[in-house]
Amino acid sequence: MIASNPGPVPRLSPVDRTADTLFVYGTLRFRRILTALLGRVPSGTPATVSGWRTAALAGRPYPGLVPAPGQTATGLLLSGLSTHEWRVLDDFEDDEYELRRLPVDGGGGGDGNGAGEAWVYTWAVPGQVRAENWEPDVFAGHQLDGYAARLEAAALRLRGGR
């Protein structure tokens with residue numbers, strides 16, 4: 001948990017965890033992953049972020065969102081997350097991600113036509129970014145079952161199961 005001594009500001013401190021939305025573009029767009037982490041699937045609507053791409057990362061099964069002029073990243077805009085769920089998702093994202101607000105299109109955003117802002121975990125380690133994009137269909141076909149099974153087993157252990 002959060003230490004009582006002074007230190008870096010926790011990533012979630014600027015987030016209004018009762019009202020803000022989270023744009024997810026990688027493994028968190030899969031129902032099975034969300035269920036393993038949260039015990040449910042929050043409300044999610046299709047959304048995009050322009051000027052960014054969902055990059056494959058060296059040696060990792062999950063992607064990172066990186067700046068890419070002229071490209072568009074697709075994903076889901078998650079809403080209705082509880083304070084506890086924000087913490088779980090923030091713990092899930094490792095320290096190589098930065099949490100920032102970005103403009104998003106879709107998901108019923110602030111101006112009535114689906115445009116608005118959302119929180120997004122962007123990748124902060126340029127040396128691990130590969131030239132190709134991460135493809136959700138490829139992940140689903142080759143890695144989703146094993147990845148989800150590991151998360152499900154870890155969640156069971158945390159809840160005191162076997």
Side-chain angles (χ1 to χ4, degrees), residues 1-2 10-12 15 17 20-68 71-102 104-109 114 118-162:
M1 290 292 137
I2 297 173
R11 281 192 296 204
L12 290 178
V15 175
R17 291 175 251 176
D20 285 344
T21 55
L22 178 66
F23 176 77
V24 296
Y25 52 86
T27 61
L28 291 176
R29 64 197 299 176
F30 291 93
R31 298 176 65 82
R32 187 169 172 194
I33 301 301
L34 288 168
T35 301
L37 292 169
L38 305 177
R40 72 179 190 102
V41 178
S43 176
T45 54
T48 60
V49 175
S50 298
W52 294 78
R53 74 180 180 94
T54 305
L57 301 174
R60 297 171 188 259
Y62 50 83
L65 195 70
V66 298
Q71 294 192 40
T72 300
T74 62
L76 295 174
L77 198 58
L78 299 182
S79 60
L81 296 169
S82 70
T83 297
H84 172 74
E85 289 169 334
W86 274 102
R87 281 190 213 121
V88 168
L89 295 175
D90 190 63
D91 287 345
F92 177 70
E93 301 295 355
D94 63 32
D95 292 337
E96 291 155 325
Y97 287 96
E98 293 177 352
L99 183 62
R100 62 171 65 186
R101 284 184 70 82
L102 292 178
V104 297
D105 291 316
W119 290 101
V120 182
Y121 287 93
T122 61
W123 189 251
V125 185
Q128 294 184 359
V129 175
R130 296 174 55 181
E132 68 271 13
N133 287 339
W134 181 88
E135 299 295 338
D137 293 340
V138 173
F139 174 80
H142 295 97
Q143 295 176 298
L144 175 59
D145 286 339
Y147 191 79
R150 287 189 299 278
L151 287 177
E152 292 159 351
L156 184 60
R157 283 191 303 275
L158 287 173
R159 289 191 295 267
R162 291 184 176 171

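Both backbone and side-chain heavy atoms feed into the values below; hydrogens, waters and symmetry mates do not. Here the structure is a predicted model, which means the values were calculated and not measured.
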* Count the heavy atoms belonging to other residues, nucleotides or ligands that lie under 6.0 Å from CZ of R31, then report whether that count exceeds 12. => no
query: Is L12 close to W119 at the side-chain level, that is, under 4.5 Å between some pair of heavy atoms?
result: no
| request: Taking the side chain as every heavy atom from C-beta outward, state whether R101 and D20 have any pair of such atoms under 4.5 Å apart. | output: yes
Residues Y147 and I33: closest non-hydrogen pair is CD2-CD1, 3.6 Å
Correct closest heavy-atom pair for P42 and L34 would be CD-CD1, 4.1 Å
Check: Y121 and L28 side chains under 4.5 Å, non-hydrogen atoms = no
Exercise for review: Give the ring-plane orientation class for Y97 versus W123, where under 30° counts as parallel, over 60° as perpendicular and anything between as tilted.
Suggested key: perpendicular
Interatomic distance, CG@L22 vs CD@E85, rounded to 0.5 Å, equals 11.0 Å
Closest heavy-atom pair, A118 versus L77, reported as atoms and distance to 0.1 Å, is CB-CD1, 3.3 Å
Closest non-hydrogen contact found for A55 with R130 is CB-O, 4.4 Å
Between T122 and W52 the two heavy atoms that sit nearest each other are CG2-CZ3, 3.7 Å
Determine whether V66 and Q71 make a side-chain contact, defined as any pair of heavy atoms from C-beta on separated by less than 4.5 Å. no
In this structure, CG of L38 is separated from NE2 of H84 (nearest 0.5 Å) by 7.5 Å
So, does R11 use its side chain to make a donor-acceptor pair with the main chain of D90 at under 3.5 Å? yes
* To do: Using a 4.5 Å cut-off on heavy atoms from C-beta on, say whether the side chain of N133 contacts that of T54.
  => no
Self-check item: Side chain proximity check, L102 to L65, heavy atoms < 4.5 angstrom
Solution: yes
- Message: Quick one, E152 with L156, criterion side-chain contact (heavy atoms from CB on, under 4.5 Å). Give me CA distance, side-chain angles, the key distance, then yes/no.
- Response: CA-CA 6 Å; E152 292 159 351; L156 184 60; over 6 Å; no
Heavy-atom closest pair (Y62 atom, L57 atom, distance to 0.1 Å) is O-CD1, 3.6 Å
For R53, does its backbone N or O pair with a side-chain atom of W134 as donor and acceptor, under 3.5 Å? no
Fill in: Any L89 side-chain heavy atom under 4.5 Å of E93 side chain
no
To the nearest 0.5 Å, atom CZ of R29 lies from atom CZ of F23 at 7.5 Å
